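Presented below is the structure to which this report refers.
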Amino acid sequence: YPASNYNFIGCEFDKDTFSAINYMLNVKEVPSFALFNLDVLNLIKTSFEGEYAHFDIDLCQTFSKYKNYVEEALKRKIVQKGGIISFTFSCRDVGIKKTAESILGKTEFQKLDKKLKASKNANEIRGGYTLPTINKWLKKICGKNFEVAVEPFTYMDTCSMVAGSIRRIN
């Protein structure tokens, strides 16, 4: 999937959605856009260092199950220096408590758990365990090659979501 041949590359795993998007791209005659019917992790794993100017991992899936996509993109340094890797995750995450405890540590997790159970703040409840867990996770994974470009934030789509981005600095 050589990125140099296109201005934009998209991945869609679901065959029906892929067909619908592909049809619209052809109807609208979108120039220099490649769409692949595969899981974006496959694209990340076959990418080389600095292949992309920017990379959007718009999964709308759960953090606990899909955080490895972002970790793999950072490990491979798939964006050029100054490039942005953005991400979205759903806050509807069955496995988030276990993931939160492993990332935050037992004491910090217990404080968060108690705070959320007592909270009446809608934004705090919306971010739930996901937002504070992602914030701590980013501090761990950015290392010396990346920095947080946009602090993770919550928003509403069909469910509560978290979005953010990371910039490559080295």
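Not measured: the values here are computed from a predicted model. Any value given below was found using the heavy atoms of this structure, including those in side chains, with hydrogens, waters and symmetry copies removed.
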Step by step, work out the ring-ring contact (aromatic ring centres under 6.0 Å, His included) result for Phe109 and Tyr129.
-> CA-CA 9 Å; Phe109 172 77; Tyr129 298 92; 5.8 Å; yes
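Atom CG of residue Leu112 and atom OG1 of residue Thr133 lie 6.5 Å apart, to the nearest 0.5 angstrom. Here SG of Cys91 is found 12.5 Å from CD1 of Ile125. Values are rounded to the nearest 0.5 Å. In this structure, the separation between CD1 on Ile166 and OG on Ser86 is 9.0 Å, given to the nearest 0.5 Å. Between atom OG of residue Ser119 and atom NZ of residue Lys115 there is a gap of 7.5 Å, rounded to the nearest 0.5 Å. Annotation: the span from Asn68 atom CG to Ile44 atom CD1 amounts to 8.5 Å, rounded to 0.5 Å.
None of Thr62, Leu59, Leu131 except one satisfies the side-chain contact (heavy atoms from CB on, under 4.5 Å) rule with Phe89; the exception is Leu59.
By the criterion of side-chain heavy atoms lying less than 4.5 angstrom apart, applied directly or through intervening Ile, Leu, Val, Met, Phe, Trp or Tyr residues, Ile85 is grouped together with Val148 in one hydrophobic cluster.
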List the atom pairs, with distances to 0.1 Å, where a side-chain N or O of residues 137-147 and a protein N or O form a donor-acceptor pair under 3.5 Å, not counting sequence neighbours.
unit_1	atom_1	unit_2	atom_2	d
Trp137	NE1	Glu71	OE2	2.8
Lys140	NZ	Ile103	O	2.9
Glu147	OE2	Arg167	NH1	2.8

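Proximity of Leu38 to Leu43: side-chain heavy atoms (C-beta onward) are separated by under 4.5 Å at one or more points. With a 4.5 Å cut-off on side-chain heavy atoms, Ile78 and Phe48 do not count as touching. Using a 4.5 Å heavy-atom cutoff, the side chains of Glu51 and Gln80 are not in contact.
At a threshold of 4.0 Å, the pair Glu108-Lys111 does not count as salt-bridged, since none of the basic side-chain nitrogens sits closer than that to a carboxylate oxygen. Using a cut-off of 4.0 Å between Lys/Arg side-chain N and Asp/Glu carboxylate O, Arg168 and Glu49 are scored as salt-bridged. Between Lys97 and Glu101, none of the side-chain N atoms (NZ, or NE/NH1/NH2) sits under 4.0 Å from a carboxylate O, so this pair counts as no salt bridge.
Annotation: Phe63 is not in aromatic contact with Phe87 [ring centroid separation under 6.0 Å not met].
Formation of a donor-acceptor pair under 3.5 Å by the His54 side chain with backbone atoms of Ile84 is found in this model. Between the side chain of Ser90 and the main chain of Met161, no donor-acceptor pair closer than 3.5 Å is present. Asn121 contributes a side-chain N or O that, together with a main-chain N or O of Glu124, makes up a donor-acceptor pair within less than 3.5 Å.
Side-chain atoms of Lys15 and Asn37 form a donor-acceptor pair, as typed in the model, at a separation below 3.5 Å. There is no side-chain donor-acceptor pair under 3.5 Å between Asp93 and Thr130.
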